[in-house]
Protein chains: 2
Amino acid sequence: MDERKTALIFKAFCDENRIRILKMLTSGEKCACKLLEEMNITQPTLSHHMKTLLDSGIVNGRKEGKWMHYSISEEGLEKAQKYLDYLKGEV
Amino acid sequence: MDERKTALIFKAFCDENRIRILKMLTSGEKCACKLLEEMNITQPTLSHHMKTLLDSGIVNGRKEGKWMHYSISEEGLEKAQKYLDYLKGEV
DNA sequence: AATACCTATTGACAAACATCTATATGTTGA
DNA sequence: TCAACATATAGATGTTTGTCAATAGGTATT
């Protein structure tokens with residue numbers, strides 16, 4: 001795993017609004033419109049953050065008709081966890 | 001744990017050079033000058049990244065004479081791990 | 001087909017950030 | 001005390017990022 005990729009994964013967690021989004025996703029898959037309702041940002045800003053979260057691999061997206069459903073990616077989280085374990089010396 | 005603090009912790013991991021620094025610290029405490037030797041950045045840039053790492057709580061600093069020794073903070077790492085566990089639903 | 005709706009993209013802008021050079025601060029040894 | 005060294009801070013600069021308004025692209029319903 002190279003440095004660039006690792007940094008990309010963790011980009012998911014280094015913005016306040018993305019943390020807020022991830023928190024909402026802990027209770028399960030949510031539609032973009034639902035996420036938007038509970039935040040004080042515009043729709044394009046949400047879309048931008050969701051792209052960042054998808055790119056990091058921490059969130060999965062599923063399109064259903066006009067709706068976009070997002071959920072936390074177990075696989076992505078595990079990659080992040082593995083990196084932290086590595087730093088801890090628990091390779 | 002509020003969103004701002006969480007984002008701050010993870011700032012540690014979202015820059016390539018900081019990932020490189022953390023990698024070097026996995027083999028144990030290192031002096032700033034030693035870290036600098038192995039990177040292609042200037043001394044002030046390293047200093048700047050070390051400040052970010054200290055602020056995030058992921059790295060500990062220890063001053064000894066003119067040297068500054070840095071090491072990975074188990075406590076900081078555990079906070080990061082707890083957050084990932086929380087996202088995974090393993091509260 | 002036309003309209004309403006949800007989401008993504010574009011373009012603009014300000015704030016944050018990574019980086020450098022120059023300089024300051026602090027420490028050790030002569 | 002002075003010189004050499006390690007690190008931090010200040011100031012400048014280019015890049016990235018977060019944000020918004022406007023608009024485009026799809027999809028469902030009528």
**Asked** What nucleic acid atoms does A:L46 come within less than 4.0 Å of, heavy atoms only: base, sugar-phosphate, or nothing?
**Response** nothing
**Request:** Specify the separation, in whole Å, of atom NZ of B:K34 and atom P of D:dA6.
**Result:** 13 Å
**Message:** side-chain contact (heavy atoms from CB on, under 4.5 Å), that's the test. Do A:L35 and A:M50 meet it? Break it down for me.
**Reply:** CA-CA 10 Å; A:L35 294 171; A:M50 296 323 293; 4.1 Å; yes
**Asked** Which part of the nucleic acid does B:K11 contact within heavy-atom distance under 4.0 Å: base, sugar-phosphate only, or nothing?
**Response** sugar-phosphate
**Asked** Quick one: is C:dT19 close enough that its OP1 or OP2 comes under 4.0 Å of any side-chain N or O from B:N40?
**Response** no
**Request:** Compare the minimum distances between each of D:dT19, D:dT7, C:dT9 and the side chain of A:H48, then state the nucleotide with the smallest one.
**Result:** D:dT19
**Asked** Would you say A:T45 reaches D:dC20's phosphate, i.e. side-chain N/O to OP1/OP2 under 4.0 Å?
**Response** yes
**Prompt:** Rounded to whole angstroms, how far apart are CD1 on B:I41 and P on D:dT15?
**Reply:** 19 Å
**Prompt:** Where the side chain of A:P44 is defined as all heavy atoms beyond and including C-beta, which of D:dA28, D:dA8, C:dT9 is the nearest nucleotide?
**Reply:** C:dT9
**Prompt:** For the side chain of A:C33, counting heavy atoms from C-beta on, which of C:dT7, D:dT7, C:dT27 is nearest?
**Reply:** C:dT7
**Prompt:** Within this structure, what is the CG-to-P distance between A:L53 and D:dG18, rounded to whole angstrom?
**Reply:** 10 Å
**Message:** I want to confirm an ordering. Mapping A:R18 and B:W67 to their closest nucleotides on DNA chain D, which one lands closer to the 5' end?
**Reply:** B:W67
**Request:** Give the rounded distance in Å between these two atoms: CG of B:D55 and C1' of D:dT9.
**Result:** 14 Å
**Asked** Yes or no on salt bridge (Lys or Arg N to Asp or Glu O under 4.0 Å) for A:R20 and A:E16, after CA distance, side-chain angles and deciding distance?
**Response** CA-CA 6 Å; A:R20 214 162 279 139; A:E16 260 184 84; 3.1 Å; yes
**Touch class at under 4.0 angstrom, heavy-atom based, for A:H49 against every strand present** = sugar-phosphate
**Item:** Geometric class of the B:Y83/A:F13 ring pair [parallel <30°, tilted 30-60°, perpendicular >60°]
**Value:** perpendicular
**Prompt:** Which whole-number value in Å describes the distance from B:Q43 CD to C:dG26 C1'?
**Reply:** 13 Å
**Asked** Between D:dA6 atom C1' and B:M50 atom CE, what is the distance in whole Å?
**Response** 14 Å
**Message:** Strictly below 4.0 Å: does B:T42 bring a side-chain N or O up to OP1 or OP2 of C:dC20?
**Reply:** yes
**Asked** What's the CG-P distance between B:N17 and D:dT15, to the nearest Å?
**Response** 17 Å
**Message:** When you measure from the side chain of B:R18 to the backbone of B:K11, do you find a donor-acceptor pair of N or O atoms at a distance under 3.5 Å?
**Reply:** yes
**Item:** Interatomic spacing from OG in A:S73 to CG in B:L87 - rounded to 0.5 Å
**Value:** 11.5 Å
**Message:** Between P on D:dG25 and NZ on A:K63, what's the gap in Å once rounded to a whole number?
**Reply:** 13 Å
